[in-house]
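No hydrogens, no waters, no symmetry mates; every other heavy atom, side chains included, goes into these values.
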Amino acid sequence: MIALALPAQDSGEFNPPGIEQLHLPAILPWGVADGFSKQMLLVILSVVIIATFFLLAARKQQLVPGKLQFAGEMAYGFVRNSIAKDIIGGKDFMKYVPLLFSLFFFILVNNIYGAIPVIQLPSFSHVGGAYVLAGIVYVTWIAIGVKKNGIKYFKLATVPSGVPFYILPIVIPIEIISNFLVRPVTHSLRLFATMLAGHLIVMIAGSGIEFLVMQENVLLKGASVLVLGGSLAMYMLEALIMALQAYVFTLLTAIYIEGALHADSH
């Protein structure tokens with residue numbers, strides 16, 4: 001980014017891309033809101049990719065697994081054991097593995113799109129998808145809590161045990177806001193904001209390289225190498241964050257489910 005601060009003497013000012021350049025025009029003019037977009041197509045494609053991979057991996061269930069079956073089992077085992085079992089617990093976790101498994105790989109594939117040069121568009125850089133997933137999780141853990149504890153769940157979720165009664169008028173509103181308002185918003189925006197920011201940084205770096213190369217000043221042309229090196233580092237960091245965000249979103253989902261299941265013991 002230091003290179004972008006150098007004076008643009010030869011070809012005017014550098015105009016970085018904005019949010020409007022992130023979301024491409026609709027592929028088809030019909031559909032939801034502004035039409036059927038590239039992101040909608042990628043979301044559908046991700047379902048096909050995930051289903052195809054795991055169906056092929058499970059097609060030949062051998063005692064000594066082949067490479068594809070081994071990869072599928074490792075992927076499933078990671079979500080089952082490292083997220084569902086470790087967080088929710090050995091007694092209740094199995095019934096929630098399908099949800100956590102689907103969330104993790106759906107988010108992972110849609111995030112990884114942003115690291116593929118031809119596609120270069122993480123689906124969750126658009127806030128709508130993140131809102132939908134967070135909404136599904138929000139309804140799910142509340143339903144689990146009500147099913148397990150009845151209407152008393154809302155009292156368990158908002159009235160901490162062991163708190164003196166004279167502090168409750170302060171604590172209860174904070175708990176309501178924290179658990180039922182802030183939690184779903186942060187759950188969605190964390191995913192959306194990181195994908196949007198990472199994608200925007202890569203776009204700015206790419207535009208900066210093009211701008212500097214087009215300059216007549218040799219110093220500015222040479223500065224494009226610095227921007228290229230920085231953009232490659234940011235690209236690798238973004239790829240890591242893409243995987244981490246799939247893990248964090250799924251991990252938080254498991255934590256919310258565990259809290260709803262064991263609200264009476266918290």
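Interatomic distance, CD of E258 versus CG of D86, reported as 12.0 Å (0.5 Å rounding). Of the inter-residue distances, the one linking F105 atom CZ with I49 atom CD1 reads 13.5 Å to the nearest 0.5 angstrom. Within the model, atoms OG of S46 and CD1 of I112 stand 12.5 Å from one another, a figure rounded to the nearest 0.5 Å. With rounding to the nearest 0.5 angstrom, the CE atom of M74 is 10.0 Å from the CG atom of N81. Expressed to the nearest 0.5 Å, how far CG of L191 lies from CZ of F124 amounts to 5.5 Å. Taken to the nearest 0.5 Å, the CG atom of L108 stands 10.0 Å off from the CE atom of M242.
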request  = Start with the C-alpha gap between I107 and Y247, add the side-chain angles, then the distance that decides, and say whether side-chain contact (heavy atoms from CB on, under 4.5 Å) holds.
outcome  = CA-CA 9 Å; I107 295 172; Y247 175 74; over 6 Å; no

ask   = What do the steps show when you test V146 against I151 for side-chain contact (heavy atoms from CB on, under 4.5 Å), and what is the final call?
value = CA-CA 6 Å; V146 172; I151 199 68; 5.7 Å; no

request  = Run the numbers on T140 and T253 for side-chain contact (heavy atoms from CB on, under 4.5 Å), then give the verdict.
outcome  = CA-CA 9 Å; T140 299; T253 301; over 6 Å; no

task = Evaluate the side-chain contact (heavy atoms from CB on, under 4.5 Å) criterion for residues I87 and F93: first the C-alpha distance (whole Å), next the side-chain angles of each, then the deciding distance (0.1 Å), finally the verdict.
result = CA-CA 8 Å; I87 301 300; F93 79 97; over 6 Å; no

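Put simply, the side chain of S82 never gets that close to the backbone of V79: no donor and acceptor are under 3.5 Å apart. A donor-acceptor distance shorter than 3.5 angstrom exists from the side chain of K148 to the backbone of L261, with no hydrogens or angles considered.
Note: the hydrophobic cluster containing I255 also contains F249 (ILVMFWY, side chain heavy atoms under 4.5 Å, direct or indirect links). Hydrophobic cluster membership is shared by L56 and F106, with clusters built from Ile, Leu, Val, Met, Phe, Trp and Tyr side chains linked at under 4.5 angstrom. The hydrophobic cluster containing M94 also contains I83, counting ILVMFWY residues as joined when their side-chain heavy atoms lie under 4.5 angstrom apart, directly or transitively. Residues L133 and V248 are members of one and the same hydrophobic cluster, defined by side-chain heavy-atom contacts under 4.5 angstrom among Ile, Leu, Val, Met, Phe, Trp and Tyr. At a threshold of 4.5 Å between side-chain heavy atoms, the hydrophobic network of Ile, Leu, Val, Met, Phe, Trp and Tyr places F101 and V47 in one connected group.
Here the closest heavy-atom approach between residue A130 and residue F192 is recorded as CB-CB, 4.0 Å. Looking at every heavy atom in both residues, I88 comes nearest to H262 through O-CE1, 3.6 Å. S188 and A134 make their closest contact through CB-CB, 3.5 Å (heavy atoms, listed as atom of the first residue, atom of the second, distance). Smallest separation of non-hydrogen atoms from L189 and Y131: CD2-OH, 3.8 Å.
Judged by distance alone, the side chains of Q39 and S125 do bring a donor and an acceptor atom under 3.5 Å apart.
Between F78 and F104, the ring centre distance stays below 6.0 Å.
Each ring-ring contact (aromatic ring centres under 6.0 Å, His included) pair with one or both residues in residues 153-179, not counting sequence neighbours, appears once here: F154-F180.
Annotation: side chain of I176 is in contact with side chain of I172 (closest heavy-atom distance under 4.5 Å). Side chains of I241 and E238 form no contact here, defined as non-hydrogen atoms less than 4.5 Å apart. Between L103 and V137 there is a side-chain heavy-atom pair separated by less than 4.5 Å. With contacts defined as side-chain heavy-atom distances shorter than 4.5 Å, the pair I257/L99 qualifies.
Classified by interplanar angle (parallel below 30°, tilted 30° to 60°, perpendicular above 60°), the ring pair H187/Y256 is perpendicular.
Residues passing the side-chain contact (heavy atoms from CB on, under 4.5 Å) test with E175 are T158, P160, V171, N179, sequence neighbours excluded. The side-chain contact (heavy atoms from CB on, under 4.5 Å) check on S102 picks up nothing, with sequence neighbours excluded.
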